**Student:** 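The structure is given below, and queries will be raised subsequently.
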Amino acid sequence: MLHHMYDVKPSTGQHSNNSGRHIRSKRRHAGDDAFTCSQQSILSAMDRFVNSVTNMDSTVLVPSRLRDMETDGGNVHQRPPQFMSKMDLFTFFTALNDIKNELLWGPAIGGTNLSSTVSGTERQHLAATMTRYPSEENPGLSSKSSVSDSDSQGDSDVDGVINDPDSLTSEAQKTHLATAYRYHLQGLQTILHQLSDSADYLSFRYQEEVEASSV
């Protein structure tokens, strides 16, 4: 349920059995106000991400154990997302929790931020690869061609509206704003689903390692 996203506390010890993979529609009530959204909505993407990270926290009982784990466990039926191939699992676990807390509560003031959590090399790798691979949940959201083709147009629309609004007519401003909005909304939605895929995989990988060590 979408309201779960607003009830989660900023902690890494949440418990949830819902990975967020089968969300069909969402409804939130606030007094007499309510709305319904589809699985393709950014709100569904946000809800799935929060649920996936919460489920990850309840699965990874000893986070430090991730430091000694390989990203790819060799399971042919469950491969890591391509953008995770060069990421340290413990670092990614911490980053996912930071992102969830910032999504729910806003950027931390004077606290840990994503820049200090993820190294410079890892940030460059993520920036270069994340939106270029489709999400397992929504494979049509992103592709190498669609992202690269829209980058220059989206940046141009944003620059035109922000840096030189007086040069645009009222109609042109509305068109540029609408294009920039859709560009960033699609990018955010794609990244949220990719981060959810990462949290789901990290949960699987940890459980796989625990089961292997207990044999």
Side-chain angles (χ1 to χ4, degrees), residues 1-2 4-5 8 12 14-26 37-60 63 66 69-104 114 117-118 122-148 150 184-211:
M1 298 298 292
L2 186 62
H4 287 173
M5 189 171 70
V8 177
T12 60
Q14 299 298 327
H15 296 273
S16 172
N17 293 322
N18 181 6
S19 67
R21 282 186 166 275
H22 303 291
I23 299 171
R24 288 292 175 268
S25 64
K26 305 295 171 191
C37 59
S38 75
Q39 189 178 12
Q40 303 305 314
S41 167
I42 185 65
L43 296 176
S44 290
M46 292 166 65
D47 195 49
R48 182 195 167 212
F49 169 69
V50 171
N51 284 327
S52 292
V53 176
T54 300
N55 181 67
M56 178 190 72
D57 282 337
S58 67
T59 301
V60 181
L66 296 170
M69 289 171 50
E70 296 290 338
T71 301
D72 191 344
N75 189 320
V76 296
H77 301 293
Q78 188 77 27
R79 311 299 296 181
Q82 296 185 58
F83 51 85
M84 283 186 69
S85 60
K86 297 181 181 179
M87 292 291 293
D88 169 72
L89 290 180
F90 179 79
T91 299
F92 212 87
F93 172 86
T94 305
L96 286 170
N97 275 293
D98 287 343
I99 293 170
K100 184 188 82 169
N101 287 337
E102 288 196 6
L103 180 66
L104 293 174
L114 299 181
T117 301
V118 182
E122 290 168 332
R123 285 200 303 274
Q124 292 175 2
H125 174 68
L126 281 174
T129 58
M130 277 202 68
T131 57
R132 304 193 185 283
Y133 295 106
S135 163
E136 294 177 5
E137 179 75 6
N138 287 277
L141 276 177
S142 176
S143 68
K144 292 182 180 180
S145 59
S146 64
V147 171
S148 59
S150 63
H184 288 293
L185 185 66
Q186 180 180 1
L188 177 59
Q189 189 172 4
T190 299
I191 289 173
L192 283 171
H193 279 299
Q194 291 175 330
L195 291 173
S196 299
D197 290 342
S198 301
D200 291 340
Y201 175 77
L202 208 154
S203 297
F204 165 82
R205 182 71 187 89
Y206 180 87
Q207 189 64 38
E208 180 185 49
E209 189 75 10
V210 169
E211 292 175 355

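A quick note: this is a predicted structure, and the numbers were derived from the prediction, not measured. Along the sequence shown, residues carry numbers from 1.
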**Student:** How long is the straight-line distance from CZ of Arg205 back to OG of Ser198, given to the nearest 0.5 Å?
**Tutor:**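 It is 14.5 Å, given to the nearest 0.5 Å.
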**Student:** Kindly indicate whether the side chain of Asn97, heavy atoms from C-beta on, has any atom under 4.5 Å from the side chain of Met56.
**Tutor:**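 Yes, close enough: below the 4.5 Å cut-off.
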**Student:** Is a side-chain N or O of Gln189 found less than 3.5 angstrom from the main chain of Gln40, in a donor-acceptor match?
**Tutor:**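 It does hold such a pair.
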**Student:** Find the distance between CD1 (Ile42) and CG (Asp47) and round it off to the nearest 0.5 Å.
**Tutor:**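 Answer rounded to 0.5 Å: 11.5 Å.
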**Student:** Decide side-chain contact (heavy atoms from CB on, under 4.5 Å) for Ile99 and Phe49; before the verdict, give the C-alpha distance in whole Å, the side-chain angles of both, and the deciding distance to 0.1 Å.
**Tutor:** CA-CA 10 Å; Ile99 293 170; Phe49 169 69; 3.6 Å; yes
**Student:** For Tyr206 versus Leu66, what's the shortest heavy-atom pair and its separation?
**Tutor:**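 Nearest heavy atoms, Tyr206 then Leu66: CD1-CD2, 3.8 Å.
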**Student:** Provide the closest heavy-atom pair for Glu208 versus Gly73 in the form atom of the first, atom of the second, distance.
**Tutor:**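 Taking every non-hydrogen atom into account, OE1-CA, 4.1 Å.
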**Student:** Rounded to the nearest 0.5 Å, what separates atom CG in Leu192 from atom OG in Ser44?
**Tutor:**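 Output value for this atom pair is 11.0 Å.
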**Student:** Measuring from Phe93:CZ to Ser203:OG, what's the distance to the nearest 0.5 Å?
**Tutor:**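 Reported value, rounded in 0.5 Å steps: 8.5 Å.
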**Student:** Atom OH of Tyr201 and atom OG1 of Thr71: how far apart are they, to the nearest 0.5 Å?
**Tutor:**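 Going from the OH atom of Tyr201 to the OG1 atom of Thr71 covers 7.0 Å.
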**Student:** Look at the side chain of Ser52 and the backbone N and O of Leu195, then say whether any donor-acceptor pair between them is shorter than 3.5 Å.
**Tutor:**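 Not confirmed, Ser52 side chain does not pair with Leu195 backbone.
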**Student:** Which atom pair, heavy atoms only, marks the closest approach of Glu70 to Leu89?
**Tutor:**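 Smallest heavy-atom distance, with atoms named: O-CD1, 3.6 Å.
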**Student:** Can you tell me how far apart CG (Asn55) and CG (Asp200) are? Round to the nearest 0.5 Å.
**Tutor:**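 Rounded to the nearest 0.5 Å, the CG-CG separation comes out at 7.0 Å.
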**Student:** Return the minimal non-hydrogen interatomic distance between Leu43 and Cys37, and the atom names on each side.
**Tutor:**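 Taking Leu43 first and Cys37 second, the nearest heavy atoms are CB-SG, 4.0 Å.
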**Student:** Do Met46 and Leu104 come within less than 4.5 Å of each other through their side chains, counting heavy atoms only?
**Tutor:**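 Answer no - side chains too far apart.
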